[in-house]
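Below is one structure, written out as C-alpha cells, with a few remarks after it.
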Number of protein chains: 2
Amino acid sequence: MTSRSYGQFCGFARALELVGERWTLLVVRDLVLGPKRFTELRRGLPRIPTNILSARLKELEDAGVLRRRVLPRPAAGVVYELTGYGQELEDIVLRLGLWGARSLGDPRPDDIVTTDSLILALRATFLPEAAGDLRAGYQLNLGDVVVHARIDQGSLEVGEGPLAGADLVIETGPAIRALLSGEVSPGEAVQTGCVRLTGDPDLLTRFVEAFHIPPAPVALPV
Amino acid sequence: MTSRSYGQFCGFARALELVGERWTLLVVRDLVLGPKRFTELRRGLPRIPTNILSARLKELEDAGVLRRRVLPRPAAGVVYELTGYGQELEDIVLRLGLWGARSLGDPRPDDIVTTDSLILALRATFLPEAAGDLRAGYQLNLGDVVVHARIDQGSLEVGEGPLAGADLVIETGPAIRALLSGEVSPGEAVQTGCVRLTGDPDLLTRFVEAFHIPPAPVALPV
DNA sequence: CTGGATCCCTCACGATACTG
DNA sequence: CAGTATCGTGAGGGATCCAG
C-alpha cells in the first residue's frame, strides 16, 4: 500500500494517488455521463481486464469518488455513480481530453471509438461564443457510433443515438479530428469524400465553428 | 509499447497515454514553475528512481510536452523546460491539485513538503475576488520550507524564500490545510499554537479568505 | 559535482479461466 | 450479470556505478 504513495503532503500528489493509476480516470470519464453497470463500463473500456475494473471501482469507492448502488427491483443489479466529489472531476476530464485531442493523430489499427468518448469530446470542444445564435440539430455518425447534438443559442445538449428531424446528418470517420482542428476545411472534407452530408451543407461550417480543437502543437511521431 | 495504449481514438485516452503514467504529472508539476535541471527535479521528487525520471523526461520530450535544452557557458549543463504545449497543462494541474487537497488528511509519517508544491498550492487556492482590495506581503514558513506571497488587488505573486519587510510572517506546519479549508479558524489556530505569527494578526484572516480549500467531501480513511 | 545508465528484485498489472 | 481466482510478465523501486 505504501508503494502507491508519492510521499508528499501535496494536494496534487494526493489527487494522483486517488485517480492517477492506469485506467482509473477512464472509468471516471465514462461515469461522468451517468451511472453505469459493471458490464456497461466494460463495453466502454473493452481492453480493461475485469479484475482491474473491479479493483479500480473499489479504489474509487474508497476514495469517495463514486458510490456503489444496489438497484431495487425490477431493474435489479448494481450501478456505479459518481459522488458529488467525483463529479467535480468532469471539468478536469474535459480539459485534459481537449489537451490530448491535439496530439491525436490518426487512429491506430485497433483503436475504437466509443459513444461515451464521442459525447464527451463534443462537450469538450464546444465553444458557446463561437456557436453564436446557431440553433440546429445534428446527427453525427462516426463509424457505427451514432450521437446527436442540439445547439440552441450557446447551449448544447448531446446524447446517444440518432436524432429524428436532424437539420444535418454528418457521416464520417477519423477525419473528424482534422475537421475540428481546422486542418481540413469543410469543403475539402466533403469533396474528398471523408465526410458525407444529409441536409443543409452550410450547417457543417457552423458545426466546425461551434466545435473546435486547437491546432496540433507539433508533428508527432506515432 | 502497445501495452501502454488504451486502444481508443479519444483525446482523453491520448492525454493519459502522454502524461498518465506514474510520476509523469509530478514532473510536469515541478516544471510549471520554470526550467529545472535533472538534479533539481530529483530534489523535488525525492522518491523517484533516477531511471524512472530519465524515462519520463524522454517520454515527455517525445510527446512534445517538454524540451531538453543544453545550457551555454558559464552555467553549463542541461535543463528541462515545458514547451507551449506543456505549459497548457498548468491550469489542469492546479485544478487537480485543488481537487486532491480536499482529500488531504494529515501527513503520513514520511510525507515531505517541497517548495514547489507549496508555491503551486498557493496559486491553486488563490481566489482573486475573495482577496478584494487586499495589498500585503506574506512570508509562509512550513517546516523548513519558506515561501512568500505578494497580494495586490487581486493579483498574486508567489516565490521561494523569505520576504524582507513582510507584513505578516506565518510559521506553521501541516495545520495549514485545516486552516485553509476552514476546519480551523485563524483564532483557534493561533491559540492552539499550531500557527505562530509575526506581524499584524488581522492579516491572517485576510490570508485564509484569499487562499481557500473547499471543505473535504467526506471523512476519509487513511 | 551533474546527469544519467545498469542491475536486480519485487509487486502491481494484465490475460485468461472460472464461479455465485 | 457481476464479478473472483490464478498466474505470468513487465514496469516500477532501489542501489550502485559511470562518463563528462
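Cation-pi geometry between B:R14 and B:Y6 is not met at under 6.0 angstrom from the ring centre and within 45 degrees of the axis.
Across C:dC13, D:dA11, D:dG3, the shortest atom-to-atom separation from the side chain of B:E21 is found for D:dA11. Distances from the side chain of B:I52 to the nucleotides C:dG4, D:dG3, D:dG12 place D:dG12 closest.
One can place CG of B:L26 at 11 Å from P of D:dG13, the figure rounded to the nearest angstrom. As rounded to whole Å, 17 Å separates atom P of D:dC18 from atom CG of B:N51. Note: CH2 (A:W23) to P (C:dA15) measures 8 Å, nearest angstrom. The CD1 atom of A:I48 sits 13 Å away from the C1' atom of C:dA15 (whole-angstrom rounding). Atom C1' of nucleotide C:dT16 and atom CG of A:L53 are separated by 16 Å, given to the nearest angstrom.
Distances shown here put every side-chain N or O of A:K58 at or beyond 4.0 Å from the OP1 or OP2 atom of D:dA2. In terms of phosphate contacts, A:Y80 brings a side-chain nitrogen or oxygen within less than 4.0 Å of OP1 or OP2 of D:dG3. In terms of phosphate contacts, A:S54 brings no side-chain nitrogen or oxygen within less than 4.0 Å of OP1 or OP2 of D:dG3. Of the side-chain N and O atoms in A:R22, one or more sit less than 4.0 angstrom from OP1 or OP2 of C:dG14. At the phosphate of D:dG12, OP1 or OP2 sits under 4.0 Å from a side-chain N or O atom of B:R56. Close to D:dG12, at under 4.0 Å from its OP1 or OP2, lies no side-chain N or O of B:R47.
Two residues, B:V79 and A:P49, neighbour DNA chain C, and the one matched to the more 5' nucleotide by heavy-atom proximity is B:V79.
Within a heavy-atom distance below 4.0 Å of DNA chain C, the residues of residues 36-44 of chain B found are B:R37, B:F38, B:T39.
Side-chain atoms of A:E40 come within 3.5 Å of backbone N or O of A:R37 as a donor-acceptor pair. Using modelled atom types, one side-chain atom of A:T172 and one backbone atom of A:C194 make a donor-acceptor pair closer than 3.5 Å. Judged by distance alone, the side chain of A:D30 and the main-chain N or O of A:V27 form no donor-acceptor pair under 3.5 Å. Using modelled atom types, one side-chain atom of B:R177 and one backbone atom of B:L104 make a donor-acceptor pair closer than 3.5 Å.
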Any protein N or O atoms within reach of nucleotides 17-20 of chain C? Criterion: under 3.5 Å, listing atom names and distances.
none

Discussion item. Could you walk me through whether B:R56 and B:T24 satisfy the side chain to side chain donor-acceptor pair (under 3.5 Å) test, starting with their C-alpha distance in whole Å, then the side-chain angles of each, then the deciding distance to 0.1 Å, before giving a yes or no?
Written reply: CA-CA 6 Å; B:R56 293 297 176 269; B:T24 303; 3.3 Å; yes
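Taking a cutoff of 4.0 Å between a charged side-chain nitrogen and a carboxylate oxygen, A:R95 and A:D91 qualify as a salt bridge.
Two rings, from B:W99 and A:F12, have their centers 6.0 Å or more apart.
Residues forming a side chain to side chain contact (heavy atoms under 4.5 Å, CB included) with B:V169 (at least two apart in sequence, or on another chain): B:Q139, B:N141, B:A166, B:E171, B:T198.
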